[in-house]
Amino acid sequence: MMEERQKKGNLVFAVNGERFELPSVDPSTTLLHFLRSETCFKSPKLGCGEGGCGACVVLISKYDPKFKKVEDFSVSSCLTLLCSLNGCSITTSEGLGNTRDGFHSIQERFAGFYASQCGFCTPGLCMSLFSALVNADKGNKPDPPPGFSKLTSSEAENAIAGNLCRCTGYRPIADACKTFAADIDIEDLGFNSFWKKGDSKEMKVSKLPPYDPTKNFSTYPEFLKSESATNLDSSKYPWYSPVSIEELWSLLNFNVTVNRASFKLVVGNTGTGYYKETQRYDHYVDLRHIPELSIIKRDQTGIEVGATVTISKFISILKEESNINLGSYGKLVSQKLADHMEKIATPFVRNSASVGGNLVMAQKNGFPSDIATLLLGLSATVSLMTSHGPENLTWEELLSRPPLDSKTVLLSVCIPFKKDRSSHQTHSRFLFETYRAAPRPHGNALAYVNAAFQADVSHCKNGVLINNIHLAFGAYGTKHAKRAKKVEECLSGKMLSVHVLYEALKLVKLAVVPEDGTLHPEYRSSLAVSYVFEFLYPLTDIHSSISGGLLDGINDISDEELSESSNKGCISQGKKQTLLSSSKQVVEFSTEYSPVGEPLKKIGAAMQAAGEAVYVDDIPSPPNCLHGAFIYSTKSLAGVKGIHLEPNHLTNTTIITYKDIPTGGANAGVVTSFGSDPLFAEDLSRCAGDRIAFVVADSQRSADVAATTALIEYDTTNVDSPILTVEEAVEKSSFIQVPPPFQPTQIGDFSKGMAEADQKILSAELRLGSEYHFYMETQTALAIPDEDNCMVVYTSSQAPENAQSVIASCLGVPAHNIRVITRRLGGAFGGKFTKAMPVSTACALAAYKLRRPVRIYVNRNSDMIMTGGRHPMKVTYSVGFKSSGKITALHLDILINAGITDDMSPIIPSYLMNTLKKYNWGALSFDIQVCKTNLTSKTIMRGPGELQGSYIAEAIIEHVASLLSIEVDSVRNENVHTFESLNLFYGNVVAEGEYTLPSILDKLAVSSSFFQRSKMIEQFNQKNTWKKRGISRVPAVYNASQRPTPGKVSILQDGSIVVEVGGVEVGQGLWTKVRQMTAYALGSIESSWAEDLVEKVRVIQADTLSVVQGGLTAGSTTSESSCAAVKLCCNILVERLTPLKKQLQEKNGSVDWPTLIRQAQTQSINLAANSYYVPEFSRYLTFGAAVSEVEIDVLTGETTILQSDVIYDCGQSLNPAVDLGQIEGAFVQGIGFFMNEEYLTNEDGLMVSNSTWTYKIPTIDTIPQNFNVHLVNSGHHEQRVLSSKTSGEPPLFLAASVHCATRAAIKAAREQLKCWDKLDESVSEFYLDVPAILPVVKTQCGLDYAEKFVETLLAWKSTCFK
């Protein structure tokens, strides 16, 4: 075998069955880079470059010639080095299925369950699921029923737990995945295009696209098997694959270090996702072929695991049933380790990340590793190879040493098992438990604190004696995991009493102290205390039967579970969480305007799943194409004296600055109706993230590295101090003017309203932070010089025409010289309007200067810094109200932080007030200032200002209810508008019978069992000490506004139809609705044709030289406006074609569509029509409401959303399936704002949470466990487009119900503290920050909740035994 392995050859691998042989390659090349730049397979997308999003997931298949088996596993192709794949087969989503060969059932089911919106993330999701299917079907489980796999429902959801999606809200994705699960009840699956109402279970199964695992195509081609045992020839590639420790030692000490050459040890290369590399290495040394490093042994003495063993492989070995008796402790440790490590990273990262790599990062770089803490808690030992020879030592000793040098290699780790006690020692037990609390419960997030506790205890007559204990903590803001030795000393040899526990908890707080600069330090210390409390409390001398209700179940474990777990020698944390969601969709739709109104599949959804949908970065690079990256300021306000590239980046790079703008051109990067923003800073950088220059190189990586390592020479002399806060802006009178048309109107007499009030709240304050759009496709553009001083620019923009205008202005050419094309966007949410303009303009400027094509794909970290995000604000309010909760007057002073330029900030005040007015405030007055600060310009983001306004309203209602000590729901009801007050506040925009909010609220109370559940929650909270629940019902009112939109419909010779509209497809289903409208409108010639016409319609890309006045795709109404424009075009065509149709009918008796069009061509009838839709009534209101129930863990602050029920009035939906997806997606994005997404900046205002490691959008494990949506058809609305209403933004506001429910749960925890006489402040008067992340929730519950509980016990004991 070793001789076989030492055969040398070229790099050979297969992609989708196609053989590739590379005689030479840069060893730093990733698989993703190769696939996207050197092959036609574009389905793996670059979403983050960190292994944190799943957009680039592919399947790797390796052949083991010894066992003649193929191993299949998913990986992040953005981290996987191409040279590590010698002899491997790679399968991408195109390889699963495609338009030519037919789609795979995964892709078809994703499409049929409406599980793809923008589609950018869909291929990666498909590959994550496919990997799980392939491996499940290899397993030894019983054969599943026909059409299903061996996968369970829970495994199906877990398969995609690491994949991010910003559009769908995950619910339809989960359903599509679960269609393959053998244990699924088909009736539990959600709305889809396969089934009709009334179908039997058997009929439903038969209608699913067939899946037969026995006919699964081969993931590994036969021709590769003969080449799988070949190593790379190191004389051709700087890539070494040693096969023994001796060879490795020789390489590191002699061969690769000649002439001080640099080298890198690699296994999975996943560390580069966290520690970004900017240096080049001379040599790479692949450790995976050394047998001693890939060993795994597990027996009664312990576990030995080699350093190159992947985390996934380690987990699978730990979970395997062993033939050897491991003993109770060995089984316990194996189970706990496996459960904990499944929460590390993502499946596709664990599949290639090595145990050794993780530990070395922890030792050398201070990486906050979970595995490092687990091993410390288990007294593990490690084996090293050093330049002096082998060395064995404890893991604890290695952590205390200086960072390992480059020639020292971690070989293996040993975890010792303790022997089972002899029969006469049965009263003694070994305990082991692990803990972690993180922003996401099921992984893909670093822990705030992780811990591993091991104890040897004896059960005596008087209680439990702690013979020995190890308490290891990590990730809390310390360089390495540490043991709390003073706490261990305090506990060892003592009988565990409540008093001893209390003393230990005080010591834990002193032992676990985060270093300066650590986020949420008090929370992390508190968490460590909670973990020790959870571990030891069930062993104390107090039993719940005599506690007077104080001791109701830690973590709510039943007495039986506690007894059983104690007998097993461990204290359980309760039942292991499994990830499994459920849902119900009620969709009311009408066939009155068929095919409009029908839930047709989104256009191209299967194509998106296969990865064949073309985004800007998928367009092949033209010859001589260059790549760009922005150099931006890291200072908030500073002069720019110069830019210096590192010496190794000086060749083959060009720096473009404002000085390169041609004569006659303007330094313009953004132009709106409110003003302009320069493309590049000139002599002064005005904010951190300000564009200073654009560096152009021969590859995107080279450009990114050059930009990242560039040194900017700043000058802060004679520069004013920056304005970073709204308070500083007020002090310096730094404001942005709001034009009169955008200034909201005050309502009523505030002084009179306050005089009528029984009670008042004066000058209360709340603050809201920013939020990043996190579209899956970052900003991107491609500029290609054309003849006659023209330019073709492909851009991912919500407003191509604005991009055209800015580019023309910058280059000093007429707009007709610039052709901007946008086919589709991989998500936008407002972030690709103004923020896309400088990206395409910089590309065009560079292409103009260098006379070569230039493209850019902005890396995720830079995109997050430069985009700006949602507007932060400070709100001060005074409110008067009656004792009943009826509000009589409200005044607000609002300071909006707009950043450095106007952007679209002047619209925010009116947008904010539009949603805040959803309640009848009696009199409403306000003073809103838009503050100009030295931050990146804030911009529009889904529900701009409106999300904040809707939440501010809820916060005020909550405050009033808390002061009055009455139910917040009754205060909401007291202030919901009447029809008359609604029209007073919104200006007579609602017709009689169209105000549906009161009926929606009533309907929701019934369908969600709101009042019954409220009572059940009250009982739950009385019985449970450590978990608390809350429920909230929240309404939403949205003031929709339509804009003028162009349309163009052309009928071709064969009767097929081409449609162009001003709106851009961003995932919202615009093309699908337009297609349905075209078929409906043209079908009015002959109604029986309408259904067939749908398939004849193709909606094509936005092209600024084809359709003009395209405007902006935003505000959720572009779909309906585009449909209206297309209907106008079709009406013209119908008018032209109807007389001909009558003639042909009279002559032939009947006529079909193709014949009609052929005859029209013959008779020279114009078969193209343009229109420009200008809405007669541009404003209307939409209504919705949601009920959410949450459960919080008071010891960790973790919030679980148990259920959310949404009812939304969509009018007569143009496509209820599309609108349902918009509602669910918006709601989950709202959860992100209210509960997850922490937007952090440094002292210069530079965003520092600018990666998937630090910025956490919702994942499938953070959405409601039970998610129910009801789409109401509210009948005819004469002033609407076929009675339809918008759906994209309003449901976002309803996610406030989750935040409000969390507040209710916290209130219950504070009531518990009050009951113990341990709360000095008000139970209900507290402000819950947004987002309500774990530290925020636990802080409001009480960081010392556990200690206060123990103090209460001690006080109770002293009272009882006096």
Assess the side chains of [X] and [Y]: does a donor N or O sit below 3.5 Å from an acceptor N or O?
{"X": "S74", "Y": "N351", "answer": "yes"}
{"X": "D72", "Y": "T219", "answer": "yes"}
{"X": "Q1222", "Y": "Q117", "answer": "yes"}
{"X": "N444", "Y": "T346", "answer": "no"}
{"X": "Y211", "Y": "D137", "answer": "yes"}
{"X": "T122", "Y": "Q608", "answer": "no"}
{"X": "S93", "Y": "Q107", "answer": "yes"}
{"X": "S1297", "Y": "S1188", "answer": "yes"}

Would you say the side-chain atoms of [X] pair up with the backbone N or O of [Y], donor to acceptor, closer than 3.5 Å?
{"X": "D1261", "Y": "H442", "value": "yes"}
{"X": "N1021", "Y": "K1028", "value": "no"}
{"X": "N1024", "Y": "K1027", "value": "no"}
{"X": "E108", "Y": "P209", "value": "no"}
{"X": "T1200", "Y": "L1202", "value": "no"}
{"X": "S1007", "Y": "K1003", "value": "yes"}
{"X": "S131", "Y": "M127", "value": "no"}
{"X": "R436", "Y": "H340", "value": "no"}
{"X": "S77", "Y": "C56", "value": "yes"}

Practice problem: Kindly indicate, with the supporting measurements, whether the criterion side chain to side chain contact (heavy atoms under 4.5 Å, CB included) is fulfilled by L431 and E433. | Solution: CA-CA 7 Å; L431 311 179; E433 189 57 86; over 6 Å; no
Quiz item: What's the verdict on side chain to side chain contact (heavy atoms under 4.5 Å, CB included) for I1017 and E1189, showing C-alpha distance, side-chain angles and the deciding distance?
Solution: CA-CA 9 Å; I1017 286 168; E1189 179 184 350; 3.6 Å; yes
Quiz item: Which is it for L374 and M341 under the side chain to side chain contact (heavy atoms under 4.5 Å, CB included) test, yes or no, and what are the steps along the way?
Solution: CA-CA 9 Å; L374 298 177; M341 288 200 294; 4.0 Å; yes
Quiz item: Using the ring of each side chain (for Trp, its six-membered ring), is F1267 parallel, tilted or perpendicular to F1227, with breaks at 30° and 60°?
Solution: tilted
Quiz item: Going by the angle between their ring planes, with limits at 30° and 60°, are F432 and Y329 parallel, tilted or perpendicular?
Solution: perpendicular
Greater than 12 external heavy atoms within 6.0 Å of [X]'s [atom1]:
{"X": "K69", "atom1": "NZ", "result": "no"}
{"X": "K204", "atom1": "NZ", "result": "yes"}
{"X": "K150", "atom1": "NZ", "result": "yes"}

Regarding [X] and [Y], does a basic nitrogen lie under 4.0 Å from an acidic carboxylate oxygen?
{"X": "K313", "Y": "E71", "value": "no"}
{"X": "K343", "Y": "D370", "value": "no"}
{"X": "E187", "Y": "K201", "value": "no"}
{"X": "D183", "Y": "K141", "value": "no"}

Self-check item: Least distance between heavy atoms, F348 atom then G51 atom
Solution: CE1-O, 3.5 Å
Quiz item: After noting the C-alpha distance and the side-chain angles of D1205 and R1013, does the key distance pass the salt bridge (charged side-chain N to carboxylate O under 4.0 Å, His left out) rule?
Solution: CA-CA 13 Å; D1205 296 80; R1013 282 165 61 205; 3.6 Å; yes
For [X], which residues count as a ring-ring contact (aromatic ring centres under 6.0 Å, His included) partner, sequence neighbours excluded?
{"X": "Y170", "result": "none"}
{"X": "F110", "result": "none"}
{"X": "Y1208", "result": "none"}

Exercise. For the pair D175 and R171, evaluate side chain to side chain contact (heavy atoms under 4.5 Å, CB included) and give the outcome as yes or no after the intermediate values.
Key: CA-CA 6 Å; D175 278 354; R171 196 278 312 159; 2.8 Å; yes
Quiz item: Is the closest side-chain heavy-atom distance between T92 and N16 below 4.5 Å?
Solution: yes
Self-check item: Non-hydrogen side-chain atoms of I371 and F314 separated by less than 4.5 Å
Solution: no
